[in-house]
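Numbering of residues begins at 1 and proceeds along the displayed sequence. Heavy-atom basis, side chains included; hydrogens, waters and symmetry copies ignored. All figures in this text were calculated on a predicted structure; none of them were measured in a lab.
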Amino acid sequence: MRGRWFGRGAGVVAVLVSIGACGTLPERRDEVTSEVTRFQQALGAGRHEQLCAALAPATREELEHTAESRCERAIGRAIAEREVPAAGAVQGVDVYGDQARVVLERDTLFLARFPAGWKVTAAGCVPRPERPHRCAVKGG
């Protein structure tokens with residue numbers, strides 16, 4: 001008797017978990033798309049401070065370390081050298097739990113979800129056959 005109850009209870013839990021997961025996926029895609037839109041608007045307007053605020057902590061640290069300068073100056077240099085392009089329209093959004101990939105016309109951005117919201121973990125990314133993307137701005 002106890003085994004049958006456990007089996008039914010586990011089935012109900014599995015259904016509730018799958019319903020909850022399905023319900024959050026569109027919301028997460030919308031959140032990611034909104035963050036990418038804000039990032040692209042700041043990029044187009046040359047608002048380096050906003051771009052830096054949109055970066056994940058490890059990404060910002062790596063950018064500053066590599067450039068040996070503050071984030072705002074380093075991101076400005078990456079934009080000037082076209083390592084981080086004005087990327088155009090969103091072509092696709094993939095969300096995997098707390099990680100996301102957004103494919104744009106001329107760039108691919110990777111994001112992660114933090115307590116404060118979605119942050120860019122890599123930008124200026126170019127796909128390579130059979131290998132990970134090569135990204136101009138990325139975390140360590």
- Start with the C-alpha gap between Thr37 and Gln41, add the side-chain angles, then the distance that decides, and say whether side chain to side chain donor-acceptor pair (under 3.5 Å) holds. CA-CA 6 Å; Thr37 299; Gln41 288 171 341; over 6 Å; no

- Query: Can Arg29 and Asp94 be said to form a salt bridge (charged side-chain N to carboxylate O under 4.0 Å, His left out), step by step?
  - Reply: CA-CA 7 Å; Arg29 281 190 182 137; Asp94 299 310; 5.7 Å; no

- Query: What's the verdict on side chain to side chain contact (heavy atoms under 4.5 Å, CB included) for His48 and Ile79, showing C-alpha distance, side-chain angles and the deciding distance?
  - Reply: CA-CA 10 Å; His48 300 163; Ile79 293 165; 4.0 Å; yes

- Item | Arg28 vs Arg113, side chain to side chain contact (heavy atoms under 4.5 Å, CB included): CA-CA, chis, key distance, verdict | CA-CA 9 Å; Arg28 288 200 175 188; Arg113 191 165 184 263; 3.4 Å; yes

- Begin with the C-alpha distance, continue with both residues' side-chain angles, and end with the deciding distance and a verdict on salt bridge (charged side-chain N to carboxylate O under 4.0 Å, His left out) for Glu68 and Arg73. CA-CA 10 Å; Glu68 297 179 348; Arg73 186 174 205 175; over 6 Å; no

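Here the side chain of Glu64 pairs a donor or acceptor atom with the backbone of Cys71 at under 3.5 angstrom. Between the side chain of Thr121 and the backbone N or O of Ala112, no donor-acceptor pair lies under 3.5 Å. Under the 3.5 Å distance criterion, the side-chain polar atoms of Lys119 are matched with a main-chain donor or acceptor of Ala53. Remark: side-chain polar atoms of Arg128 are paired, donor with acceptor, to backbone N or O of Pro132 under 3.5 angstrom. Asp107 contributes a side-chain N or O that, together with a main-chain N or O of Cys125, makes up a donor-acceptor pair within less than 3.5 Å. A donor-acceptor pair under 3.5 Å is absent between the side-chain atoms of Thr59 and the main chain of Leu55, judged by distance alone.
Within a 6.0 Å radius of NE2 in His65, no more than 12 heavy atoms belonging to other residues, nucleotides or ligands are found. Atom CZ of Arg82 is surrounded by 12 or fewer heavy atoms from other residues, nucleotides or ligands within 6.0 Å.
Residue Leu25 is not grouped with residue Val103 when hydrophobic side chains (ILVMFWY) are merged at heavy-atom distances under 4.5 angstrom, including chains of intermediate members. There is a path of hydrophobic side-chain contacts, each under 4.5 Å, that joins Phe39 to Val93. Under the 4.5 Å side-chain heavy-atom criterion for ILVMFWY residues, a single connected hydrophobic cluster contains both Val95 and Leu111. The hydrophobic cluster containing Val90 also contains Val84, counting ILVMFWY residues as joined when their side-chain heavy atoms lie under 4.5 angstrom apart, directly or transitively.
At a threshold of 4.5 Å between non-hydrogen side-chain atoms, the residues Leu109 and Gln40 count as touching. Counting only heavy atoms from C-beta outward, the side chains of Arg70 and Cys52 never approach each other to under 4.5 Å. Residues His133 and Phe110 form a side-chain contact, since some pair of their non-hydrogen atoms from C-beta on lies under 4.5 Å apart. The side-chain heavy atoms of Thr108 and Val102, taken from C-beta on, include no pair separated by under 4.5 Å.
Taking each heavy atom of Glu105 and Ala89 in turn, the nearest pair found is OE1-N, 2.8 Å. Of all non-hydrogen atoms in Gln91 and Leu104, the two that sit nearest each other are CG-C, 3.7 Å. Smallest separation of non-hydrogen atoms from Cys135 and Ala122: SG-CB, 3.8 Å.
In this structure, the separation between CZ on Arg101 and OH on Tyr96 is 5.5 Å, given to the nearest 0.5 Å. Rounding to the nearest 0.5 Å gives a distance of 10.5 Å between CH2 of Trp118 and OG1 of Thr33. Here the CD atom belonging to Glu61 is positioned 11.0 Å from the CG atom belonging to Leu63, to the nearest 0.5 angstrom.
Between Arg47 and Glu72, none of the side-chain N atoms (NZ, or NE/NH1/NH2) sits under 4.0 Å from a carboxylate O, so this pair counts as no salt bridge. For the pair Glu35 and Arg38, the salt-bridge criterion is met [side-chain N within less than 4.0 Å of a carboxylate O].
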